[in-house]
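Presented below is the structure to which this report refers.
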Number of protein chains: 2
Amino acid sequence: MNNRNIPKIVIDRLPWYLQTLNQMAREGLSIVSSLVLAERLDITPAQIRKDLSYFGEFGKQGSGYPVFHLMDELQTILNINHIWQVAIVGVGGLGHALLNYHGFARHGFETVLAFDNHPNVIGKQVAHLVVQDITHLEDQLRKKAIKIGILTVPARQAQIMAERLVSGGVLAILNYAPITLHLPPDIQVQSMDPVQSLQRMTYFLPR
Amino acid sequence: MNNRNIPKIVIDRLPWYLQTLNQMAREGLSIVSSLVLAERLDITPAQIRKDLSYFGEFGKQGSGYPVFHLMDELQTILNINHIWQVAIVGVGGLGHALLNYHGFARHGFETVLAFDNHPNVIGKQVAHLVVQDITHLEDQLRKKAIKIGILTVPARQAQIMAERLVSGGVLAILNYAPITLHLPPDIQVQSMDPVQSLQRMTYFLPR
DNA sequence: TAGATTGTTAATCGATTAACAATC
DNA sequence: TAGATTGTTAATCGATTAACAATC
């Protein structure tokens, strides 16, 4: 076990390890060596062993890592060994799609609140939720002690809505708006901008 | 100018610089120093200057970088100074949302083909496109010489559909399915898995 | 010119990898 | 036991940053 500060990039890889272990478990694998896992992820076995060693000793010399046990450990490390309730702000096309997406619940993220500012949507049922008026945002977030928000509003509203999420007590924001949010440093943000992702690939395409 | 191989991580930052320059241009800024840009991005000015120096000399000592010129240069570097045609595979909720998203066209990515395998959707008009039967995928991709695909199918179909995109000549895939695709090394892949992004944040939340 | 900022070098910092003793 | 694989150290590799001469 290594007690130094854990590099952010190591944390970023853990969900990816977990996803692959999930797949392997479904394929019936019960033990996996760092070598086999590394081949699947196309990285070096040393990196996997080093990454895991920041958190403990999860393997057995001679055989490898018990798949289910390692998954459990990763879930504990990532703080996803319980249900997180999530609020969605912005119920346009993308908000609709995310509310209907079962992957969140399947992985322990339960969407429990949905907000919009448009009269046509407020009060409507979308998937399992009734869309609420954005004016109630902070109140409702506080009342349910929501710590995670998903932001699916147009770019021009995103910064203000992000700030409102934060003042409602939210500590982590999954941002689908194509802007860079400016928030206090203790607020976690992950941005999902498909245009930026496309632009990261075109560089490598033949001109 | 620096002629060594350019680190991938530098390429990854360029779309982000471009997005911020866009914002600044809209705010009326015509010249920006590495210091001002760095404050906006919350990185060091040295990193910006070093990153840009891989590609040329775009600034003026004493003043900084002309915003529009730098944007032009970045667009050329990223290979986005022309329209890219894009195909979408999978017209479920997310596919619908993306077809209706104007951000792609606004940034030079034109969705020109949409495919699904479900009779209820095939032949239907969604946004500006008529959804085609997936059986025609490779033919249509070849016919239109499409190089970029967006994958919005369920996880269990994603690997096969990715392979079909590749055999249709696609070289870059924006993958929304929550699996790791295994494709030839010359194929560009960017994955957008909201669950993984959430899991990268929960680590930092109070338990 | 004086002040400001670039482009670039060299130093620093941090992450990845190879190698191997420990051990299942 | 013999073979295999971990956890960890140390070496390597690569990226970031500070500093400054060049120059607008």
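Letters A, B, ... are given to chains in the order of the sequence lines, protein chains preceding strands, and every chain is numbered from 1.
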When pairs are called at under 3.5 Å and a stem needs at least three consecutive Watson-Crick or G-U pairs, the stems of DNA chain D are C:3-24 with D:3-24
Please determine, for the side chain of B:Gln61, which listed nucleotide (C:dG7, C:dT6, D:dT5) has the closest atom?
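Nucleotide nearest to B:Gln61's side chain: C:dT6.
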To the nearest angstrom, how far is [X] atom [atom1] from [N] atom [atom2]?
{"X": "A:Glu57", "N": "C:dT23", "atom1": "CD", "atom2": "P", "value": "10 Å"}
{"X": "A:Lys60", "N": "D:dG3", "atom1": "NZ", "atom2": "C1'", "value": "17 Å"}
{"X": "A:Phe58", "N": "D:dT8", "atom1": "CZ", "atom2": "P", "value": "11 Å"}
{"X": "A:Glu39", "N": "D:dT5", "atom1": "CD", "atom2": "P", "value": "11 Å"}

Ordered by number, residues from residues 21-34 of chain B within less than 4.0 Å of DNA chain C (heavy atoms) are B:Ser33, B:Ser34
Answer with yes or no whether the side chains of [Y] and [X] bring together a donor and an acceptor at under 3.5 Å.
{"X": "A:His96", "Y": "A:Thr152", "result": "no"}
{"X": "A:Thr20", "Y": "A:Arg40", "result": "no"}
{"X": "B:Asp51", "Y": "B:Tyr17", "result": "yes"}
{"X": "A:Glu163", "Y": "A:Gln159", "result": "yes"}

Where protein sits on nucleotides 10-18 of chain C, one letter per nucleotide: B base, S sugar-phosphate only, - none, heavy atoms under 4.0 Å:
-----SBBB
Heavy atoms of other groups near B:Arg156 CZ, more than 12 under 6.0 Å
no
Is it true that atom CG of B:Asp42 has more than 12 heavy atoms of other residues, nucleotides or ligands lying nearer than 6.0 Å?
no
Side-chain N or O of B:Tyr65 less than 4.0 angstrom from OP1 or OP2 on C:dG7?
yes
Carboxylate-amine/guanidinium proximity below 4.0 Å for A:Lys143 and A:Glu138
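Salt bridge flag = no for A:Glu138 with A:Lys143.
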Could you tell me whether the side chain of A:Arg142 and the main chain of A:Ser167 form a donor-acceptor pair under 3.5 Å?
yes
Start with the C-alpha gap between A:Asp116 and A:Ile134, add the side-chain angles, then the distance that decides, and say whether side chain to side chain contact (heavy atoms under 4.5 Å, CB included) holds.
CA-CA 5 Å; A:Asp116 205 297; A:Ile134 191 73; over 6 Å; no
Check step by step if side chain to side chain contact (heavy atoms under 4.5 Å, CB included) holds for A:Ile11 and A:Ile6.
CA-CA 8 Å; A:Ile11 307 300; A:Ile6 294 156; 3.8 Å; yes
Ring geometry between B:Phe104 and B:Tyr101 (parallel below 30°, tilted from 30 to 60°, perpendicular above 60°):
perpendicular
